[in-house]
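In what follows, every heavy atom counts, from backbone to side chain, and hydrogens, waters and symmetry copies are set aside. On a predicted model such as this, the values are computed, not experimentally measured, just so you know. Every chain is numbered from 1 and lettered A, B, ... according to where its sequence line falls, protein lines coming before strand lines.
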Amino acid sequence: MPHELPKAYDPAAIETRWAEYWVREQLFTAEASKTPDSGQPVFTLLLPPPNVTGRLHMGHMLNQTEMDIIVRWHRMRGFETLWLPGTDHAGIATQMMVERQLATEGKKRRDLGRQDFLKRVWEWKEQYGGAILEQMRRLGASVDWGREYFTMDENLSRAVREAFVRLHEEGLVYRGNYIVNWCPRCGTAISDLEVVHEETQGKLWEIRYPVAGSDEYVVVATTRPETMLGDTAVAVNPRDQRYTHLHGKKIRLPLMNREIPIILDELANPEFGTGAVKVTPAHDPNDFAAGLRHNLPQITVMDEYARMNENAGPYAGHDRFEARERIVQDLQEQGYLAGIKDHQLAIGKCQRCKTVVEPRVSMQWFVAVNKKPGHGGMSMAEAAIAVVEKGYVKFTPENYKTIYLQWMQNIHDWCISRQLWWGHRIPAWYCGDCNEITVAREEPKACKCGSTRLTQDEDVLDTWFSSGLLPFSAMEWPNTSPDLARYYPTSLLITGFDILFFWVARMTMMGCHFMNEPHRPTPLAGDVEARLRESVPFREVYIHSLVNDAEGQKMSKTKGNVVDPIETIERFGTDAVRFTLAAMAAPGTNIAFSETRTESYRAFANKIWNAARFIFMNVDRAQQDGVWSLADFAKIAPKPGEVGLPRFHTADLEDRWILSRFNRVSQEVHDALSGYRFHEAAHVVYHFFWGEFCDWYIELVKPRMMAGGNTARIAVENIVSLFEGALRLLSPFMPFITEEIWHAVYDGKPPRRSIALAAYPQADASQMSVEAETGMAILQDLIVSVRNVRAELKVEPKAKLDIEIFADDPVRNLVEQNREALARLANVNSATFVGESLAKASNSRSTARFDVRVVYEQKIDVAAELERIGKDIEKLEREQGNAQRQLGNEAFLSKAPAHVVEGIRRREGEIKILLEKARTALTELSAK
RNA sequence: GGGCGGUUAGCUCAGCUGGUUAGAGCGCCUGCCUUACAAGCAGGAGGUCGCAGGUUCGAGUCCUGCACUGCCCACCA
């Protein structure tokens, strides 16, 4: 049956079919629960769960491409591979989406009430929440769909409660009235990480605070004048002699007409401003701490929407910014305003809605990340530091290790309660009778005082609390499970640096805490150190690049430069987009995504396609002629675990050469992927397939395939073998086109259900040949030299010309054995060997190994030729100078490694010959 | 205020632990519809590796300073 393929590759015609096939056939299911121990090495990777609110963008696409390449690569090498997918409920983000939807109906969430609102969110989640995973299916991501989870699934929610309760039992979760970052629009506390600082040109207002019972006043400065209404002290530095006489005195607070003490505290920096600072414990974190030190009252002057409250006297009811203006105006009118200065400040805004964050004292839950657990050992942060310092968690690129450690070393307690409705509700119940708090895994029947008047905490947990548990909560923790036993710790995490602290750091803390004793469901063997090492959530973290637009600008909706991956895929094909991302993904660099690159990789896909068409054409002919049988070939098809190529006839130079190159390239791809150098791996396979296999091997093999008989049989068998191997090599990068063609190679009856389950080519040193690679290089050099001269002579491309060659015996033999190749690829009629150098002959080229002359009546353009040779000489002389200087240097000879010295010595010899030839040619030419 | 990165061809970028002639894609120039592929084939031009010092037998690669330029973190009013 002939292989019929259309002339141009059309990705749309095949991709959906394979994407559906992969899912339907469940090819990517990891088998832990079925086979107790496969004996295979295990590779696990957790998909950073997309938010239910998300739409696929180029960043996801890059991340998924990298993960899929690594996962497919491992799977093809025989690893038992689990790529675990799921989605994140994304508390605040999702709640905002639904609130926005409600707003279009003119409603607010409180109009619906908690129950009905949550119902709406669930409906919304069912409708839109799976978008990214759907897109991933279409992109062919080889994840284990049978294990898909959602962070609010019952078993994951149970894990969240379990973790919270255990931390509480250990005193690592506490509740308290503290100052937190508060978003007045979202109406919730947010963590430090959710506050983004923006440099803003603001003002510094200087206010005179009169000293009680005197005419004196001190000047304090503030960027937020409205907070003065809540001032409960003025601080000066105890060492600041300017204020010694005011120690123990009181201030009469303007506008409020309250007396507040002057306190002595390091909070006041004598170097800054006047050295006196207003203290507002309820509205500033530093002041809050100072307030505790001096037992100051906390006067909250704003409500949860940042409107001034009843404590704000005449300003009550006004928005904070409106109040600010009035207050400044009043201060001015009453003569308290000493000055207004321009002031650059980093203003904290809510990451989600960009509202200016207000520090606010409120009752919240925290994780005490720096506290040592009761049973001894390290704090959560210390453990998370230790595993990275000891290399149990390894970062690529390495500089993220420093960034991670610096952050972890300065970490503060983590505020985990959110005044939201969508999320995991905090498992704490308050007694209406005795005020006791019951923290429990399941809803308690009664308080320990016996009362049944229990109400659950209204708040939910920070989304990152639950995602921090994922490496084990997605594997059924706290239960023992085959998955948890087999797949934890995960092998690798690939993610973006934007969630390094939010997620990577939290997973590390949580993993080291809950997957170590005493929380681990199955005890760990080994000493304390071994247990720590095995508790990590992942052994390696690869931080991927940022995908920018073609100009290197960050993609953003407001700039309108967002490249939609789906749209790009529709135009170029998934494989082309994947290959673009892989080829540009050098670790530690950003990607400037440019469509021209994608165009060129679409061309690459087309190249592969057409190589297949050509090969199939020859296969069909060979089968018709009865010289070759696909069925026989299928029998010797490579088995998983086989390295190199299983059967390959190394009769001719080009065969030994391409086999050698194939193995070397396999090694290079392996090395590159081992270091997550996707770009390097992609470049290597690209160049091999196009620049070597297509440009040279196919061309060299053509006449043999036409020859018929045994020659054709061997040629066809070789090219099919090599091509089949190359498809496997390419498969992790371009899964669709390789799957399609691979099935076609076997005429629809492949030895495995998918190329993704076939063996990945691994280098076999015995199949590499320096002799073949060197020989081929000389032959290529010779062919290119002839083409070169022909191009300069503007010889009619079709005209066959005679050539003369001067070379030593080994090269001469090489040429003799490859006469046909030379004739065909350089369009040569006859090649004769001559006994003396052709360097000064016209229409010739010289290399260190040979001289070649094209016999042609028309002479090369003398002036152009003179210029070319002149340039060559210049360059060679420069090089010769360098080489000779090094070789004449005793220190170099004694210190440089032997192969380097030997290399330079050899090169110097070549340069000498080349220079001699070039100079002879130059004199000869000049004479004309 | 701390920390991290970048500056290499016209453009966008590679160049891993210092080592023989610094690469790719696109663009550009010349010639080809050669029976797999014009999304192709063959050939070609184009770089004092930001500047100034230093270490070394040897520096695009390591160190110091400078210039320009991104990014992250930060409770100094």
N/O (side chain, A:Asn788) to phosphate O (OP1/OP2, B:rG44) under 4.0 Å:
yes

Is it the case that the base of B:rA36 and the side chain of A:Glu699 share a donor-acceptor contact (distance under 3.5 Å, atom types as modelled)?
yes

Is the phosphate of B:rG46 approached by A:Lys871 (side-chain N or O, under 4.0 Å from OP1 or OP2)?
yes

Between B:rG19 and B:rA59 - P atom distance, rounded Å:
11 Å

By the Watson-Crick or G-U definition, both distances under 3.5 Å, B:rU12 is matched with B:rA24

What's the closest nucleotide to the side chain of A:Lys607 if the choices are B:rG40, B:rC13, B:rG19?
B:rG40

Give the rounded distance in Å between these two atoms: CD1 of A:Ile608 and P of B:rG40.
13 Å

Please measure how far the C1' atom in B:rG5 lies from the corresponding atom in B:rC13, and state the result in whole Å.
15 Å

Side chain of A:Phe614: nearest nucleotide among B:rC73, B:rA36, B:rC13?
B:rA36

Could you give the CH2-to-P distance, from A:Trp690 to B:rG25, as a whole number of Å?
9 Å

Rounding to the closest angstrom, what is the interatomic distance between B:rC16 and B:rU7 at atom P?
11 Å

Would you classify A:Ala268 as touching base, sugar-phosphate or nothing, given that sugar-phosphate means primed atoms plus P, OP1 and OP2, and contacts are heavy atoms under 4.0 Å?
base

To the nearest Å, give me how far apart CD1 (A:Ile904) and C1' (B:rU20) are.
5 Å

Using the C1' atom on both, measure B:rA42 against B:rC49 and round to a whole Å.
31 Å

A:Phe502 CZ to B:rC72 P, straight-line distance once rounded to whole Å
12 Å

Could you tell me which non-hydrogen atom of A:Thr274 sits nearest to which non-hydrogen atom of A:Asp240, and how far apart they are?
O-OD2, 4.5 Å

How far, in whole Å, is B:rU34 from B:rC41 if one measures between their P atoms?
14 Å

Closest to the A:Lys798 side chain: B:rC37, B:rU34, B:rC4?
B:rU34

Take atom C1' in B:rG53 and the same atom in B:rG15, then report the distance between them in whole Å.
25 Å

Of the candidates B:rC16, B:rA36, B:rG19, the side chain of A:Arg677 sits closest to B:rC16

Proximity to the side chain of A:Asn610 - top-ranked nucleotide from B:rC76, B:rC57, B:rA36:
B:rA36

If pairing requires Watson-Crick or G-U wobble contacts with both distances under 3.5 Å, which nucleotide is the partner of B:rC49?
none

Is it true that A:Asp413 and A:Tyr178 share a donor-acceptor pair across their side chains at a distance under 3.5 Å?
no

Touch check for A:Tyr9, heavy atoms < 4.0 angstrom, all strands: base, sugar-phosphate only, or nothing?
base

Tell me whether the guanidinium CZ or amine NZ of A:Lys607 lies under 6.0 angstrom from the six-membered ring centre of A:Phe693 and within 45° of its axis.
no

Look at A:Thr589 and B:rG6 and indicate whether a side-chain polar atom (N or O) is within less than 4.0 Å of OP1 or OP2.
no

Out of B:rA14, B:rA36, B:rG25, whichever nucleotide has its closest atom nearest the side chain of A:Tyr686
B:rG25

Proximity to the side chain of A:Asn606 - top-ranked nucleotide from B:rG15, B:rG19, B:rA39
B:rA39

Please determine whether a side-chain nitrogen of the Lys or Arg among A:Asp265 and A:Arg293 lies less than 4.0 Å from a carboxylate oxygen of the Asp or Glu.
yes

Give A:Leu267 one of three labels, base, sugar-phosphate or nothing, depending on what nucleic acid heavy atoms sit under 4.0 Å from its own.
base

Is the distance from OP1 or OP2 of B:rG43 to the nearest side-chain N or O of A:Arg787 less than 4.0 Å?
yes

Options B:rC41, B:rG43, B:rA39, nucleotide nearest the side-chain atoms of A:Asp695:
B:rC41

Check every atom of B:rG25, B:rG19, B:rC76 against the side chain of A:Arg597 and return the nucleotide holding the closest atom.
B:rG25

At less than 4.0 Å, is any side-chain N or O atom of A:Lys794 found next to OP1 or OP2 of B:rC32? Yes or no.
no

Suppose we call a contact any N or O donor and acceptor under 3.5 Å apart; does that hold for the side chain of A:Arg905 and the base of B:rU20?
no

Between atom CD in A:Glu879 and atom C1' in B:rG19, what is the gap in whole Å?
14 Å

Between A:Trp696 (CH2) and B:rA36 (C1'), how many Å, whole number?
18 Å

Both distances under 3.5 Å, Watson-Crick or G-U wobble: report the partner of B:rG5, or none.
B:rU69

Ring-ring centroid check A:Tyr601 A:Phe579, cutoff 6.0 Å:
yes

Checking B:rU30, B:rC57, B:rG25 against the side chain of A:Ser600 (C-beta onward), the nearest is B:rG25

Rounding to a whole Å, what distance do you find between A:Arg790:CZ and B:rU30:C1'?
15 Å

Using the closest heavy atom to pick a nucleotide of RNA chain B for each, name whichever of A:Ser594 or A:Gln886 lands nearer the 5' end.
A:Ser594

Neighbour count >12 (heavy atoms, 6.0 Å) for atom CD, A:Glu266:
yes

I need the minimum non-hydrogen distance between A:Ile543 and A:Val541, along with the two atoms involved.
CD1-CG1, 3.7 Å

Whether A:Arg907 and A:Glu910 form a salt bridge (side-chain N of Lys/Arg under 4.0 Å from carboxylate O of Asp/Glu) is what I want to check.
yes

Rounding to a whole Å, what distance do you find between A:Asp671:CG and B:rU17:P?
15 Å

What integer number of Å spans the P atoms of B:rG1 and B:rG60?
35 Å

With a 4.0 Å cutoff (strictly under), does any side-chain N or O of A:Lys7 reach OP1 or OP2 of B:rG40?
no

Work out how far the C1' atom of B:rA45 is from that of B:rG10, and round it to whole angstrom.
12 Å

